[in-house]
Amino acid sequence: MESSGGRAEGLGRGPRVLVVGSGIAGLGAAQRLCRHPAFPQLRVLEATARAGGRIRSESGFGGVVELGAHWIHGPSQGNPVFQLAAKYQLLGEKDLSEENQLIETGGHVGLPSVSYASSGVSVSRELVVEMASLFYSLIDQTREFLHMADAPVPSVGEYLKKEISQRAAGWTEDEETRKLKLAILNSFFNVECCVSGTHSMDLVALAPFGEYTVLPGLDCTFPGGYQGLTNCIMASLPEDVIVFNKPVKTIHWNGSFREALSPGERFPVLVECEDGTCFPAHHVIITVPLGFLKEHLDTFFEPPLPPQKAEAIRKIGFGTSNKIFLEFEEPFWEPDCRHIQVVWEDMSPLEDITSGLQHVWFKKLIGFLVLPSFASVHVLCGFIAGLESEFMETLSDEEVLLSLTQVLRRVTGNARLPAPRSMLRSCWYSAPYTRGSYSYVAVGSTGDDIDLLAQPLPEEGAKAQLQILFAGEATHRTFYSTTHGALLSGWREADRLIALQDPQAQLPGPWL
Ligand SMILES: Cc1cc2nc3c(=O)[nH]c(=O)nc-3n(C[C@H](O)[C@H](O)[C@H](O)COP(=O)(O)OP(=O)(O)OC[C@H]3O[C@@H](n4cnc5c(N)ncnc54)[C@H](O)[C@@H]3O)c2cc1C
């Protein structure tokens, strides 16, 4: 194995630390460590050619579009992403206002501006409001089962369906309206699948569901792109700290590795990259996505992880949620329209789909957000989760564009609706260093599995032996799936190392 040369060898002493991954967790950890004098020997190894990971803003349609993270969820003082974004002056005035920070949304997606049904008519606003209120009150009720040993059913989906079928039995409207109500509810199930990043709410565990914590504040976006934030963090690091295009293949740990340039020194960890380069280290902070860890569990660690840790990685859920941007010559929506809901009248949360994915994948699409126009450009952003979203990734751009044009013509009742001028989409499941979108607590797992994943290795032994530390959104028990959870997890692990080197250090944690 060829050993790395360069920056670290030329630097002063101190433990050699490697951070694997330059998403917001890895960048946050690196920023924290770089600011402490005990860590001059730091490197970040990034598999791809860019930093930011699942924060990914691209120029498109005359503006910026977010292929990954979209909003700051709960932009208020308790949210470190909000605080950093404010510090770097990346937010709009309204988003910074006290008023905005105090708004409590309960984490629920706002009501659509318009709801189109598959038969080409608009759905009555009254029915949509009634069903949204039913759906979100049931979602709120799931908190009652937090930490309950015997939740009535294993999953959020089963709980919602049980409650809905009881209520539906008492609906007195005609058959057609009752069917439409279920179809509207089905659309809210699809929204919740996007929020949780799962194929089905039947996969999401009921008892721990309420542990996910919603911060106050009305979700906001970055006018210049989310990636402005990771770019600012990156710019604060010494220039050569991040090594791009360096996919890590195997983390050899519990060893005693030498390096030609540091005779006499022993390193407990050796990080082997796909290209054969090896980096010896005292400590490694792993921030790779859970999807990547799941796929490479058998080869990524040598020796393999302790069985309980490996089991936690298998059990915690990691699903796919994607976005499809459509650009139109002219808007077909009203000027004040912000969110278009699509309701498939033949769908019900109480019935399983039996057709093959190729015929029905687009029915999982929840509808579209209207993006703020960039200089006379008109863009809709569709959201789709689950196996249907993964199937969508296997189709060509032309196939996706054609399917969505047909959907829009059908639901607007306008067979001559002009096709979108162009399309852009995310493909997070096919991304080899992500393999999905974000984590959720799956049936069969609990928040304890998240804590187990976050525990450094080796499990036993003196603190000074800390070799592998784990960060990334999936390691945060209450803020998993978010950018702030990821950032906090990076800070947590950096602080763990700082405390090891400098027990007197004043650390701002605990980072809960
Ligand atoms: C479509 C979508 C929408 C989202 N919307 C929101 C939102 O609105 N608000 C919100 O708060 N969150 C949202 N999220 C979630 C948020 O983006 C993530 O939780 C967060 O960005 C994860 O950061 P991370 O550092 O943990 O992981 P990542 O950003 O995934 O960083 C991990 C890094 O590790 C690298 N890597 C992987 N394998 C290797 C390897 N073998 N060697 C070296 N490097 C490797 C990857 O290339 C990547 O750069 C969304 C995510 C997606 C996909």
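In listed order, ligands and their atoms are each counted from 1. Hydrogens, waters and symmetry mates are skipped; everything else that's a heavy atom, side chains included, is used.
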For this session: Using atom types as modelled and distance alone, determine if a side-chain donor or acceptor of Ser426 lies under 3.5 Å from a backbone N or O of Asn322.
Result: no
Problem set entry | Proximity flag Thr434 to ligand 1, non-hydrogen atoms under 4.0 Å | no
Exercise. Can you tell me the protein heavy atom closest to atom 37 (C) of ligand 1 and the distance?
Worked result: Tyr433 O, 3.3 Å
For this session: May I ask whether Gly52 places a heavy atom under 4.0 Å from ligand 1?
Result: yes
Problem set entry | atom 6 (C) of ligand 1: the protein heavy-atom neighbour that sits closest, reported with distance to 0.1 Å | Ala69 CA, 3.3 Å
Exercise. N/O of Ser437 under 3.5 Å from N/O of ligand 1, yes or no?
Worked result: no
Exercise. Looking at Glu473 and Arg54, does any basic side-chain N land under 4.0 Å from a carboxylate oxygen?
Worked result: yes
Problem set entry | Donor-acceptor pair between Ser481 and Tyr212 side chains, under 3.5 angstrom | no
Exercise. Which residue holds the protein heavy atom closest to atom 26 (O) of ligand 1, what is that atom called, and what is the gap in Å?
Worked result: Glu473 N, 2.9 Å
Exercise. For atom 48 (C) of ligand 1, what's the nearest protein heavy atom and its distance?
Worked result: Glu46 OE1, 3.6 Å
Problem set entry | Close-contact set for ligand 1 against Ser481 heavy atoms, below 4.0 Å | 12 (N), 13 (C), 14 (N), 15 (C), 19 (O)
Exercise. So is Trp428 polar-close to ligand 1, meaning N/O to N/O under 3.5 Å?
Worked result: no
Exercise. Can a donor-acceptor pair be found between the side chains of Arg492 and Thr475 at a distance below 3.5 Å?
Worked result: yes
For this session: For atom 34 (O) of ligand 1, find the nearest protein heavy atom and state the residue, atom name and distance (0.1 Å precision).
Result: Gly21 CA, 3.2 Å
Problem set entry | Val248 N/O to ligand 1 N/O under 3.5 Å | yes
Exercise. Is there a donor-acceptor pair closer than 3.5 Å between any side-chain N or O of His252 and the backbone N or O of Glu272?
Worked result: no
Exercise. Is a side-chain N or O of Glu104 found less than 3.5 angstrom from the main chain of Gly106, in a donor-acceptor match?
Worked result: no
Problem set entry | contact_flag Leu67 ligand 1 heavy-atom lt 4.0 Å | yes
Exercise. In terms of residue, atom name and distance, what is the protein heavy atom nearest to atom 3 (C) of ligand 1?
Worked result: Gly68 O, 3.3 Å
Problem set entry | Thr287: numbered ligand 1 atoms lying under 4.0 Å from its heavy atoms | 32 (C)
Exercise. For the side chain of Thr405 and the backbone of Leu401, is there at least one donor-acceptor N/O pair under 3.5 Å apart?
Worked result: yes
Problem set entry | Short N or O distance, Arg50 and ligand 1, threshold 3.5 Å exclusive | no
Exercise. In terms of side-chain heavy atoms, does Thr250 have a donor or acceptor partner in Glu302 at a distance below 3.5 Å?
Worked result: no
Problem set entry | Polar proximity ligand 1 side, Arg54 side, N/O cut 3.5 Å exclusive | yes
Exercise. So which of Tyr226, Tyr438, Trp71, Phe300 gets nearest to atom 50 (C) of ligand 1, if we judge by its closest heavy atom?
Worked result: Tyr438
For this session: Below 4.0 angstrom from a heavy atom of Thr48, which ligand 1 atoms are there? Numbered from 1 as shown, please.
Result: 47 (O)
Exercise. Ligand 1 and His484, any nitrogen or oxygen pair closer than 3.5 angstrom?
Worked result: no
Exercise. What atoms of ligand 1 come closer than 4.0 angstrom to any heavy atom of Gly23?
Worked result: 25 (O), 29 (O), 31 (O), 33 (C), 49 (O)
For this session: Give yes if a backbone or side-chain nitrogen or oxygen of Thr483 is under 3.5 Å from a nitrogen or oxygen of ligand 1, and no if not.
Result: yes
For this session: Name the closest protein heavy atom to atom 45 (C) of ligand 1, giving the residue it belongs to and the distance to 0.1 Å.
Result: Ala47 CB, 3.6 Å
Seminar exercise, completed: ligand 1 to Ala486, heavy atom cutoff 4.0 Å, flagged ligand atoms 22 (C), 23 (O), 24 (P), 26 (O)
Exercise. Short N/O distance, under 3.5 Å, between Ile24 and ligand 1?
Worked result: yes
For this session: Taking the side chain as every heavy atom from C-beta outward, state whether Lys246 and Asp275 have any pair of such atoms under 4.5 Å apart.
Result: yes
Exercise. Taking Lys309 for the side chain and Leu453 for the main chain, is one N or O donor matched with an acceptor at less than 3.5 Å?
Worked result: yes
For this session: Could you list which atoms of ligand 1 come closer than 4.0 Å to a heavy atom of Ser321?
Result: 1 (C)
For this session: Taking only heavy atoms of Pro247 into account, list the atoms of ligand 1 that are under 4.0 Å away from them.
Result: 42 (N)
Exercise. Would Glu58 and Arg50 pass as an ion pair if we require N to O under 4.0 Å?
Worked result: no
Problem set entry | Mutual orientation of the aromatic rings belonging to Phe383 and His70 [parallel < 30°, tilted 30-60°, perpendicular > 60°] | tilted
For this session: Establish, from distance only, whether the side-chain atoms of His108 and Asp140 form a donor-acceptor pair under 3.5 Å.
Result: yes
Exercise. Do Gln341 and Ser115 have a side chain donor and acceptor closer than 3.5 Å?
Worked result: yes
Exercise. Which ligand 1 atoms are under 4.0 Å away from a heavy-atom of Pro289?
Worked result: 30 (O), 32 (C), 37 (C)
Exercise. With a 4.5 Å limit on heavy-atom distance, are the side chains of Trp361 and Leu395 in contact?
Worked result: yes
Exercise. What protein heavy atom sits nearest atom 39 (C) of ligand 1, and how far off is it?
Worked result: Val288 CG1, 3.5 Å
Exercise. Using 30° and 60° as the class limits, which term best fits the ring planes of Phe328 and Trp333: parallel, tilted or perpendicular?
Worked result: perpendicular
